[in-house]
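For ligands, and for the atoms within them, numbers begin at 1 and follow the listed sequence. For this chain, numbers begin at 1 and follow the sequence in order. The analysis underlying the following values was restricted to heavy atoms, covering all of them including side chains, and did not include hydrogens, waters or symmetry mates.
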Amino acid sequence: MFYLKEQRNIIRMFFPDSREYETMLESIGIFLEKEILLNAKRVDQEAIFPRHNLATVEVKQIMAMPFPQTFNGLGLPLPVYIAALEMLAKACANTALQVDVQNMVCEGIRLFGNDRQKHHFLLENGLVEGTRLIAFALTEHCCGSDAKSIQSRAILSGDSYILSGSKTLITNPGEADFVLVFAKAEKGLSAFLMPTKTAGFDVTEAIPKLGFRGNQLSAIRLKDCVVPRENLLGEEGKGLDCAKQILNAGRLSIAAIAVGIAQAALEKALSYSKKRKAFGENIAHFQMIQEKLANMVTQITAARLLTYYAANLKEKGENMVSQVTQAKLFSAEMALRVCDDAIQIHGGYGYTDAFDVHRHWRDARLLTIGEGTSDILRLLIAHLELNAV
Ligand SMILES: Cc1cc2nc3c(=O)[nH]c(=O)nc-3n(C[C@H](O)[C@H](O)[C@H](O)COP(=O)(O)OP(=O)(O)OC[C@H]3O[C@@H](n4cnc5c(N)ncnc54)[C@H](O)[C@@H]3O)c2cc1C
């Protein structure tokens with residue numbers, strides 16, 4: 001079953017009376033296994049943006065899960081979204097990555113947007129359901145972790161801001177219809193919603209990369225882009241708060257994606273170890289292979305519990321920044337270890353394209369970097385814990 005009993009048990013723990021969540025997750029799992037899993041290898045090998053996957057009803061449903069029905073969301077609890085996203089990442093991590101970006105920017109609009117912005121972007125433009133796509137543009141050549149130091153500028157002129165500067169390492173700006181851009185205005189770092197067809201907005205460079213090859217990674221140039229004042233998200237000068245909240249939402253999704261990627265690698269390793277023979281036996285009989293398998297499954301379970309726990313705290317409206325950060329830190333590092341062991345269990349074939357297992361390692365490698373490096377997350381967790389006592 002694609003929807004795992006381990007996932008079902010956690011969902012039951014949080015929602016003992018809601019079998020409808022299980023039915024929904026089971027049916028999404030069946031769809032993902034049947035329709036999305038099959039083309040995941042091709043998406044990676046041919047670097048195809050998975051627009052077709054994103055347009056399917058089931059993937060749109062996953063995107064819409066955590067948002068209120070007023071914005072065409074499904075109004076479902078966060079752990080249900082996290083369970084679905086984990087399955088999507090297991091089926092095709094490339095598809096899950098744009099769902100993560102879409103979800104975190106929509107969450108930013110939900111938290112910081114005024115009524116007009118919520119109506120226009122979330123509902124009319126279908127960002128919640130993924131009818132149109134959005135990118136998130138914070139990082140610049142000078143600075144990623146040190147977001148306060150970015151150099152793009154926004155100058156207020158009449159009823160519009162004029163944006164200029166450049167961004168790099170941005171996911172899918174050439175595929176997206178909109179982008180949330182961070183630039184410095186008079187009062188400081190600020191966030192702006194703009195269509196990617198705005199004059200002066202150009203995707204200048206496609207950046208080749210190790211994993212997530214179905215997603216574009218690009219640099220952007222902003223040359224005197226006119227952005228109406230009404231597209232300022234939140235208050236001028238409060239962009240850092242906005243970025244932090246958006247990244248907190250994103251980190252929960254990244255944790256779920258890490259668990260899904262690790263689960264995919266584990267399943268391949270389990271299956272291979274039962275078939276591959278050495279010294280006259282299936283390698284699964286060797287205790288050092290069993291040690292690896294045991295460690296892999298234990299680490300996945302720990303990461304899954306941490307991630308769903310953080311999601312449930314967030315769902316209940318509790319302060320959960322430390323828990324979400326821990327979930328992202330632990331799950332991302334766990335996924336790398338698990339995928340590395342999965343390659344090892346496949347021996348030489350793990351290094352080749354034949355078994356498609358190094359794809360999971362290449363994808364997992366991003367997760368300790370994007371949306372906060374592990375170093376920065378450790379600093380944040382320590383800061384939060386030191387200031388909590
Ligand atoms: C595939 C991919 C997709 C991405 N998508 C997006 C996107 O859609 N939008 C976007 O805005 N960005 C995106 N990024 C950028 C990503 O968020 C940044 O790469 C990341 O935040 C790190 O920033 P940096 O690369 O500038 O590294 P730096 O900040 O220069 O850090 C370099 C190294 O120094 C360490 N370091 C930095 N400061 C400290 C410190 N105080 N203490 C200890 N160690 C420190 C870091 O941990 C890291 O190891 C993407 C990156 C990749 C690779």
Grouping I, L, V, M, F, W and Y whenever their side-chain heavy atoms are under 4.5 Å apart, do Leu189 and Met104 come out in a common cluster? yes
Checking the N or O distance criterion of under 3.5 Å, is ligand 1 in contact with Asp146? no
Starting from atom 52 (C) of ligand 1, which protein heavy atom do you reach first, and at what distance in Å? Leu366 CD1, 3.4 Å
Write out the residue and atom name of the closest protein heavy atom to atom 16 (C) of ligand 1, then the distance separating them to 0.1 Å. Thr139 OG1, 3.9 Å
Thr168 to ligand 1: N or O pair under 3.5 Å? no
Classify the angle between the aromatic ring planes of Tyr272 and His346 as parallel (below 30°), tilted (30 to 60°) or perpendicular (above 60°). parallel
Would you say atom 32 (C) of ligand 1 makes contact with the protein, given that contact here means a non-hydrogen protein atom less than 4.0 Å away? no
Sidechain-backbone polar pair: Gln7 side chain, Ala83 backbone, donor-acceptor under 3.5 Å: yes
Is it true that atom CG of Asp115 has more than 12 heavy atoms of other residues, nucleotides or ligands lying nearer than 6.0 Å? no
For ligand 1, note which part of Leu138 has a heavy atom under 4.0 Å away: side chain, backbone, both or neither. both
Does the protein put any heavy atom within less than 4.0 Å of atom 12 (N) of ligand 1? yes
Are Phe192 and Tyr161 close enough that their ring centres sit under 6.0 Å apart? yes
In this structure, does ligand 1 have an atom that sits under 4.0 Å from one of the heavy atoms of Phe212? no
Which residue holds the protein heavy atom closest to atom 20 (C) of ligand 1, what is that atom called, and what is the gap in Å? Ile369 O, 3.6 Å
Under 4.0 Å between heavy atoms, the region of Leu217 that gets near ligand 1 turns out to be side chain
Distance only, no hydrogens: is a donor on one side chain within 3.5 Å (strictly under) of an acceptor on the other, for Thr368 and Arg365? yes
Could you tell me the residue and atom name of the protein heavy atom closest to atom 38 (N) of ligand 1, and the distance to it rounded to 0.1 Å? Ile376 CD1, 3.7 Å
Applying the 4.5 Å side-chain criterion to the ILVMFWY set and letting contacts propagate, would Ile343 and Val338 be lumped into a single cluster? no
Would you say Gln263 and Glu267 are linked by a side-chain donor-acceptor pair, where the criterion is simply a distance under 3.5 Å? yes
N/O to N/O below 3.5 Å, does that happen between Ile170 and ligand 1? no
Ligand 1 atoms nearer than 4.0 angstrom to some heavy atom of Glu371 are 17 (O)
Arg304/Glu6 salt bridge by N-O under 4.0 Å criterion: no
Could you tell me if any non-hydrogen atom of Leu379 lies under 4.0 Å from any atom of ligand 1? yes
Path from Met65 to Leu111 over hydrophobic side-chain contacts below 4.5 Å: no
Asp375 versus ligand 1: do any nitrogen or oxygen atoms come within less than 3.5 Å of each other? yes
Does a sphere of radius 6.0 Å around OH in Tyr351 hold more than 12 heavy atoms from other residues, nucleotides or ligands, not counting ones at 6.0 Å or beyond? no
So, Tyr81 and Ser253: side-chain donor and acceptor under 3.5 Å apart, yes or no? yes
Heavy atoms of the protein only: does one fall short of 4.0 Å from atom 5 (N) of ligand 1? yes
Considering both backbone and side-chain atoms of Gly144, is one of its nitrogen or oxygen atoms within less than 3.5 Å of a nitrogen or oxygen in ligand 1? yes
State the atoms of ligand 1, each with its element, that fall below the 4.0 Å cut-off from a heavy-atom position in Thr373. 22 (C), 46 (C), 47 (O)
Mind checking whether Leu169 contacts ligand 1 via backbone (N, CA, C, O), side chain (CB onward), both or neither, at a 4.0 Å heavy-atom cut-off? both
Within reach of ligand 1, part of Lys167 (heavy-atom separation under 4.0 Å): neither
Measuring from Asn387:CG to Ser322:OG, what's the distance to the nearest 0.5 Å? 11.5 Å
To the nearest 0.1 Å, how far is atom 9 (N) of ligand 1 from its closest protein heavy atom, and which atom is that? Phe136 O, 2.7 Å
List every atom of ligand 1 that sits less than 4.0 Å from any heavy atom of Ser145, numbering the atoms from 1 in the order shown and giving each element. 22 (C), 23 (O), 28 (P), 29 (O), 31 (O), 37 (C)
Ion pair check, Lys34 and Glu58, cut-off under 4.0 Å: no
What protein heavy atom sits nearest atom 8 (O) of ligand 1, and how far away is it? Thr171 N, 3.0 Å
